[in-house]
Amino acid sequence: MMTQNTNSKVTVILGASSNPERYSNRAQRKLVNYGHPVIPVTPKGGVIENETTFRDMTEINASVDTVTIYLNPSRLNNEIDKIISLKPKRVIFNPGSESPDAMAKLAANGIEVIEDCTLILLNNDRY
């Protein structure tokens, strides 16, 4: 793992996957390569890319800068209050995860909402 840089952003990956073809897995690897600590969350648990996963966001006891979402919007209803309780500065809705209701609730709680791709944000130095 790369040394944490001074602009590092602790990032929860909601919908983490051990499948290297999945975008969440690609994003996890790229985040680590860019020096951003990651907290992978998947109901399957286990270890992904040398990082111990959490089965549920309620298990996280860390200061979180960003939550990046890789879930179908239909699965977000049970997660929004958990995201809000983490008090992240921002939430990134990756393509296919967009949910107007979830976005509105996050924004109403003072959390920045971004519709974009984590991989592209990293590639373009906009993360």
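All values derive from a computational prediction rather than experimental measurement.
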Minimum heavy-atom distance between R126 and R90, given as atom pair plus value: O-NH1, 4.4 Å
I need the minimum non-hydrogen distance between A27 and T118, along with the two atoms involved. CB-CG2, 4.2 Å
Determine, stepwise, if the pair V12 / I83 fulfils side chain to side chain contact (heavy atoms under 4.5 Å, CB included). CA-CA 9 Å; V12 169; I83 294 171; over 6 Å; no
Just wondering, are more than 12 heavy atoms of other shown residues or ligands nearer than 6.0 Å to CG in N19? yes
Check: H36 side chain, V10 main-chain N or O, donor-acceptor pair, under 3.5 Å: no
T11 pairs by side-chain contact (heavy atoms from CB on, under 4.5 Å) with which of I39, V64, I92, T66? T66
Nearest-0.5 Å distance, CG of residue N72 to OG of residue S97: 9.0 Å
Between E112 and K89, does a side chain to side chain contact (heavy atoms under 4.5 Å, CB included) hold up when you go through it step by step? CA-CA 6 Å; E112 181 183 6; K89 292 182 181 85; 5.9 Å; no
How about N124: does its CG atom have over 12 heavy atoms from other parts shown lying under 6.0 Å from it? yes
Quick one: closest heavy-atom pair of R22 and S17, and the distance? CG-OG, 3.2 Å
How far does CG of N7 sit from NZ of K9, to the nearest 0.5 angstrom? 6.0 Å
Nearest-0.5 Å distance, CG of residue L86 to CD of residue E79: 10.0 Å
Distance under 6.0 Å and angle within 45° of the ring axis: does R75 meet both against Y70? no
Would you call E98 and P73 a side-chain contact if the rule is heavy atoms closer than 4.5 Å? no
CG of L76 to CG of L71: how many Å apart, nearest 0.5 Å? 5.5 Å
When you measure from the side chain of T42 to the backbone N and O of G45, does any donor-acceptor pair fall under 3.5 Å? no
Considering all heavy atoms of both residues, which atom of S24 and which atom of G15 are nearest to each other, and what is their separation? OG-O, 3.1 Å
Verdict with supporting geometry, N109 and K87, side chain to side chain donor-acceptor pair (under 3.5 Å): CA-CA 9 Å; N109 280 275; K87 299 181 175 126; over 6 Å; no
What I'd like to find out is whether the side chain of I114 reaches to under 4.5 Å of the side chain of V91, using heavy atoms alone. no
Return yes if some donor-acceptor pair links the side-chain N/O of E51 with the main-chain N/O of V47 below 3.5 Å, else return no. no
Side chain to side chain contact (heavy atoms under 4.5 Å, CB included) for Y127 and L119? Distances and angles first, verdict last. CA-CA 9 Å; Y127 192 81; L119 292 166; over 6 Å; no
In one Ile/Leu/Val/Met/Phe/Trp/Tyr side-chain cluster, 4.5 Å: V41, L106: yes
Between N25 and R29, is a side chain to side chain donor-acceptor pair (under 3.5 Å) present by the stated rule, with each step listed? CA-CA 6 Å; N25 185 279; R29 284 182 277 138; 2.7 Å; yes
Nearest heavy atoms of S8 and G35, plus distance in Å: CB-O, 3.2 Å
Nearest heavy-atom neighbours spanning V113 and A107: CG2-N, 4.0 Å
With I13 as partner, the option from N94, L31, T53, I69 fulfilling side-chain contact (heavy atoms from CB on, under 4.5 Å) is L31
Are I48 and V32 connected in the hydrophobic side-chain network, where two residues link if heavy atoms are under 4.5 Å apart? no
Could you measure the distance from the CD atom of E59 to the CE atom of M57? Nearest 0.5 Å is fine. 11.0 Å
Evaluation steps, side chain to side chain donor-acceptor pair (under 3.5 Å), between S99 and D101: CA-CA 5 Å; S99 165; D101 291 341; 5.5 Å; no
At what distance, to the nearest 0.5 angstrom, does NZ of K105 lie from CD1 of I84? 5.0 Å
